[in-house]
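Heavy-atom basis, side chains included; hydrogens, waters and symmetry copies ignored. Note that the structure is a prediction, hence the values are computed from the model and not measured.
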Amino acid sequence: MKETILVIGGAGYIGSHMCKHLARSGYQPVVLDSLIYGHPEAVQWGPLIRGDIADAALLRRVFSEYDIAGVMHFAAFTCVGESVTDPARYYRNNVAATVNLLGEMVDAGISNFIFSSTCATYGEPVEIPMTEAHPQHPINPYGRTKLMVEQVLSDFETAYGLRSVCLRYFNAAGADSDGDLGEDHRPETHLIPLVLQTALGQRDEIQIFGEDYPTPDGTCVRDYIHVIDLSQAHLLALERLLDGQPGGPTIWATGRGIRSGRSLRRPGGLPGNRFRRQWPDGGRAIRRP
Ligand SMILES: O=c1ccn([C@@H]2O[C@H](COP(=O)(O)OP(=O)(O)O[C@H]3O[C@H](CO)[C@@H](O)[C@H](O)[C@H]3O)[C@@H](O)[C@H]2O)c(=O)[nH]1
């Protein structure tokens, strides 16, 4: 058995896939999750500690109980629209609680940190394809919370030697190929699960947000990367730090943008096409932040 890795948010979508991948690769994942959004049944490859990273006493207990070689952090709030309407919730959880975690890691002498950042730290692209050097001007509070943590990490490395890799990734999609895990947000706000739920008749309708983007059908473009590929990316980043190599930011994407409007084509294997394009007021679909 290799090292023990603390996976914060390991009961969530990407975090749970990460735990399975860690276990298969010979590591022992230990999950810390508040279970606000996580699913306890998704934690199958190691212990689950229920708690919040804002709780310093809990973190101290976890760090003294386990010999933790590295921390992977997936426990952010991620709904872009909600971050606009309730930014306090996002800055408290995504920034303040994460700074608490990092401070406790420094005190415990744990110096390897893998951070799930986001391409949302870039804002509107000024050049495509984007590289790590692309200017970072996030356009919503969610993206700003992630950028702030990236900046904190840079300062913590300089001052305390806390090394980190920030994975700025695009839209996670897909599910575990054995069927053990999948995507299950409650409430669900993500495009692909919503399309599938609509096609299955579990929802009456889906709206495509925005028809005035500079694309052939006017809908927004995203780059969807498979969650298993993302797990492998996180593992490579972790092993780089465990090998003593320097960290830094890194982009993960497929390089192939897909328009939201294309998601309304009949999903493979599902009967018929339940989607009817309809706008009650005859107007255009409004963009979401
Ligand atoms: O009912 C819906 C839901 C979404 N969309 C659009 O579909 C695209 C994808 O949306 P969604 O699946 O909600 O993902 P994002 O808003 O792009 O955000 C995700 O992807 C980001 C990286 O791109 C991550 O940082 C976030 O955590 C993650 O929620 C966007 O253009 C949305 O406006 C719709 O048109 N209708």
Side-chain angles (χ1 to χ4, degrees), residues 12-18 21 74 76 78-81 114-140 142-143 146-147 150 165-179 181-185 188-199 206-237 248-270 273 275 277 285 287-289:
Y13 171 44
I14 306 173
S16 60
H17 286 82
M18 186 72 241
H21 197 55
F74 298 90
T78 61
C79 295
V80 175
I114 302 298
F115 180 53
S116 273
S117 187
T118 171
C119 68
T121 60
Y122 290 116
E124 299 294 348
V126 293
E127 58 188 21
I128 291 177
M130 296 160 87
T131 69
E132 284 77 2
H134 187 286
Q136 289 177 289
H137 298 299
I139 56 171
N140 52 59
Y142 167 70
K146 293 283 188 169
L147 179 57
E150 288 199 9
V165 176
C166 298
L167 290 96
R168 295 175 190 154
Y169 45 86
F170 286 69
N171 293 50
D176 171 55
S177 46
D178 300 327
L181 298 165
E183 185 168 10
D184 185 8
H185 302 108
E188 187 56 78
T189 62
H190 294 86
L191 181 65
I192 294 176
L194 289 176
V195 167
L196 292 173
Q197 287 171 5
T198 311
I206 173 139
Q207 295 182 7
I208 295 298
F209 301 137
E211 288 183 312
D212 54 350
Y213 291 92
T215 60
D217 67 356
T219 66
C220 189
V221 171
R222 289 287 195 273
D223 184 317
Y224 295 89
I225 178 166
H226 200 281
V227 67
I228 295 177
D229 293 332
L230 266 186
S231 301
Q232 174 65 5
H234 284 80
L235 182 66
L236 291 172
T250 166
I251 289 183
W252 291 87
T254 64
R256 276 176 292 126
I258 298 180
R259 280 178 270 123
S260 299
R262 289 198 60 187
S263 66
L264 299 190
R265 292 186 185 174
R266 182 164 64 88
L270 294 175
N273 186 346
F275 302 118
R277 193 175 174 288
R287 289 189 190 194
R288 193 200 60 188

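- Across Y142 and T78, no two heavy atoms sit closer than the pair CE1-CA, 3.6 Å.
- Within the 3.5 Å criterion, the main-chain N or O of D176 finds a donor-acceptor partner in the side chain of H17.
- Looking at N171 and I225, their side chains never come closer than 4.5 Å, going by heavy atoms from C-beta outward.
- Of the possible donor and acceptor atoms, none in the side chain of Y213 sits under 3.5 Å from a partner among the backbone N and O of R259.
- Side chains of Y169 and S116: a donor on one and an acceptor on the other come within 3.5 Å.
- The shortest heavy-atom contact between E132 and P249 is CG-O, 3.5 Å.
- If you take OG on S231 and CG on L236, they are separated by 11.0 Å, rounding to the nearest 0.5 Å.
- Atom CD1 in I258 sits 13.0 Å away from atom OG1 in T215 (nearest 0.5 Å).
- The nearest pair of heavy atoms linking A173 to I192 is CB-CD1, 3.8 Å.
- Proximity of Y224 to R256: side-chain heavy atoms (C-beta onward) are nowhere separated by under 4.5 Å.
- A distance of 9.0 Å separates NE2 of H21 from CG of D229, quoted to the nearest 0.5 Å.
- Side-chain polar atoms of E127 and H134 form no donor-acceptor pair below 3.5 angstrom.
- Aromatic ring centres of H190 and Y13: separated by at least 6.0 Å.
- Expressed to the nearest 0.5 Å, how far CD1 of I251 lies from SG of C166 amounts to 12.0 Å.
- Contact of the C79 side chain with the T189 side chain is registered, since non-hydrogen atoms from C-beta on lie closer than 4.5 Å.
- At least one donor-acceptor pair closer than 3.5 Å links the side chain of D223 to the backbone N or O of T254.
- Of the inter-residue distances, the one linking S16 atom OG with D184 atom CG reads 10.0 Å to the nearest 0.5 angstrom.
- Residues W252 and Q232 are not in side-chain contact: their nearest non-hydrogen atoms beyond the backbone lie 4.5 Å or more apart.
- Listed for the E211 side chain is no donor-acceptor partner under 3.5 Å among the backbone atoms of D217.
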Full working for side-chain contact (heavy atoms from CB on, under 4.5 Å) between Y122 and H137:
CA-CA 5 Å; Y122 290 116; H137 298 299; over 6 Å; no
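- In this structure the side chain of L196 never reaches within 4.5 angstrom of the side chain of L194, judged on heavy atoms.
- Interatomic distance, L191 CG to R262 CZ, rounded to the nearest 0.5 Å: 12.5 Å.
- Of all heavy-atom pairs spanning A175 and L181, the tightest one is CB-O, 3.6 Å.
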Show, in sequence, the C-alpha distance, side-chain angles and deciding distance for I228 and S177, and conclude whether the side-chain contact (heavy atoms from CB on, under 4.5 Å) test is met.
CA-CA 9 Å; I228 295 177; S177 46; 4.0 Å; yes
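- Not one N or O on the side chain of T118 forms a donor-acceptor pair closer than 3.5 Å with the backbone of T121.
- Taking all atoms of both residues into account, the shortest heavy-atom contact from L230 to H234 is O-ND1, 2.8 Å.
- In this structure, S260 and T219 approach most closely via the heavy-atom pair N-OG1, 3.5 Å.
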Start with the C-alpha gap between Q136 and R168, add the side-chain angles, then the distance that decides, and say whether side-chain contact (heavy atoms from CB on, under 4.5 Å) holds.
CA-CA 11 Å; Q136 289 177 289; R168 295 175 190 154; 3.3 Å; yes
Are F74 and M18 close enough, and set up right, to give a side-chain contact (heavy atoms from CB on, under 4.5 Å), and what steps lead you there?
CA-CA 10 Å; F74 298 90; M18 186 72 241; 3.7 Å; yes
